[in-house]
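Encoded as structure tokens, the structure appears first; notes follow it.
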There are 2 protein chains.
Amino acid sequence: MPFTYEYPRAALTVDCVVFGFDEGELKVLLIRRDLAPFKGKWALPGGFVNLDETLEQAALRELREETGVNDVYLEQLYTFGDVHRDPRERIVSVAYYALVALGRHTLQASTDAADAAWFCVSELPSLAFDHHKIVATAIQRLKGKVRYQPIGFELLPERFTLSQLQHLYEAILERPLDKRNFRKKILGMDLLVETDEIEQDVAHRAARLYRFDEAKYRRLVKRGFNFEI
Amino acid sequence: MPFTYEYPRAALTVDCVVFGFDEGELKVLLIRRDLAPFKGKWALPGGFVNLDETLEQAALRELREETGVNDVYLEQLYTFGDVHRDPRERIVSVAYYALVALGRHTLQASTDAADAAWFCVSELPSLAFDHHKIVATAIQRLKGKVRYQPIGFELLPERFTLSQLQHLYEAILERPLDKRNFRKKILGMDLLVETDEIEQDVAHRAARLYRFDEAKYRRLVKRGFNFEI
DNA sequence: CCAAAAGTGTTTCACGTACACCCATGC
DNA sequence: GCATGGGTGTACGTGAAACACTTTTGG
């Protein structure tokens, strides 16, 4: 049962910054801790890494166990290793960030005992450990990456309007974009395919729905294409 | 002496990809292992993380101990956690990459017992563990980052010619650059200051030496300036 | 008919790119 | 005087940015 080593070892965890997009706002999924330390505080989903799983597998497992989130875009973010980031003992945490499409992907924001909730990135509560720093790093990374990789689509349902896409970019980049220039650019890349559906149940003219052609994107990348907003 | 835990723990190491630039070629510093496993093979400098030091401190310490490198640009790269990346037991490694100016910085490529040597990135020997993957990740990162952050200067002496700088970019980006356009762009940013010195001991017209004005760069960044090559 | 968002082109300007010759120096 | 790299300017085309009105639909 106990495990003994010649030298002391840090504990190893993974933490996940799960991004969602809803009502024109970028959101982060947090869970309320039901154990000390920081009992009752909001924190990132995460936990200890098992020895028979990779770091990414650990992140996916924790996401599933703690939030019910299953099919997501996941990418390693940064490893946080300050000596006193956990008050109990030395814990090094490999942080990941995930993008989920609220709407599709049927996620239950609560599965285990503890409750989970979405927060606007601009109105985060006080967080446990150094999780504020982790979230800030994730936002910065997302902001940088979204401009030269087509990862924004991971935050939208499979079919979406051009306005939804524009509002998503505006939320992530934190600046307004010109409608005509945005459409010209994104349609000019020839990566969106027009579906024959339109928005439903809106109190104004319904917009056309598009989907991202990932297969085509991959083909273009092989020929040196660079996505860029 | 022995340390006991309730659950098994992975060991935690840091590994460093140290880049240098010499004779128009991008180089990586490797050390020859004098212990099993992979005894006699070339590997990245690195080692176990102590519990009273941060990850970055561990990386700097290992660099000092194993290569004599002291004053460097250091940045976390990625954390490698495949289950069997070390044949002995589960070891998770936080990789860093460093940029050093060969020429200045008085580095002795060998300090400890094991010998160390510089290798062109295009002619690397077979490496221990998954270190090839780590080097590949580092090259990719450097290639991406050098275009929008002025980190190239870390690989040059304090005073350098515009041709040296151009050759550095050509080596990292793996493509030729136009001399006039390169000079126009880099001088147009107004971040290089012309010194009153010129190259010495060259068998042709001596080039002017410049230095990078880091203080000015920082000031410009605060006003929204973006470096870009 | 009013509110709300969808959809659509043109002009301007900055910047990226392509390109060739003379100059200074050491041998 | 010759070999070697240093240093310099212009013309062209592409793409970013600014900008306003008409259309469709539901209430």
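Reminder, nothing fancy here: chain letters follow the sequence lines and each chain counts from 1. Note that the structure is a prediction, hence the values are computed from the model and not measured. Keep in mind that the numbers below use all heavy atoms, side chains included, and drop hydrogens, waters and symmetry copies.
- Panel note: side chain His131(B), backbone Ser126(B); no donor-acceptor pair is recorded below 3.5 Å.
- Checking Phe21(A), Tyr210(A), Phe153(A) one by one against Phe160(A), the ring pair (Phe, Tyr, Trp, His ring centres under 6.0 Å) holds for a single residue, Phe153(A).
- A residue-by-residue look at Arg205(A) and Arg183(B) shows that Arg183(B) has its nearest nucleotide of DNA chain D further toward the 5' end.
- Both Asn181(A) and Ala206(A) sit near DNA chain D, but only Asn181(A) has its closest nucleotide nearer the 5' end.
- Of the listed nucleotides (dA6(C), dT4(D), dG7(D)), dT4(D) has the atom at the smallest distance from the side chain of His204(B).
- Residue Gln140(B) places its CD atom among 12 or fewer non-hydrogen atoms of other residues, nucleotides or ligands, all under 6.0 Å distant.
- Rounding to whole angstrom units, CG of residue Leu177(A) and P of dA16(D) are separated by 13 Å.
- Distance Ile229(B) CD1 to dC15(C) P: 15 Å, rounded to the nearest Å.
- Two rings, from Tyr78(A) and Phe80(A), have their centers less than 6.0 Å apart.
- Between Ser163(B) and the phosphate of dG6(D), there is a side-chain N or O to OP1/OP2 separation shorter than 4.0 Å.
- In this entry the distance linking CD1 of Ile198(B) with P of dG5(D) reads 17 Å, nearest Å.
- Note: CD1 (Ile186(B)) to C1' (dT8(D)) measures 17 Å, nearest angstrom.
- By the 6.0 Å contact criterion, CZ on Arg147(B) is open, its count of non-hydrogen atoms from other residues, nucleotides or ligands being 12 or less.
- The NZ-P distance, from Lys179(A) to dA4(C), rounds to 14 Å in whole Å.
- Comparing Leu187(A) and Ala203(A), the nucleotide of DNA chain C nearest to each residue sits closer to the 5' end for Ala203(A).
- Separating the CG atom of Asp178(A) from the C1' atom of dT12(C) is a distance of 14 Å, rounded to the nearest angstrom.
- Straight-line distance from the NZ atom of Lys185(A) to the P atom of dG15(D): 10 Å, rounded to whole Å.
- Here dT17(C) is the nucleotide among dG7(C), dT17(C), dG7(D) with the atom lying nearest to any side-chain atom of Lys184(B).
- Note: CZ (Arg180(B)) to C1' (dG5(D)) measures 15 Å, nearest angstrom.
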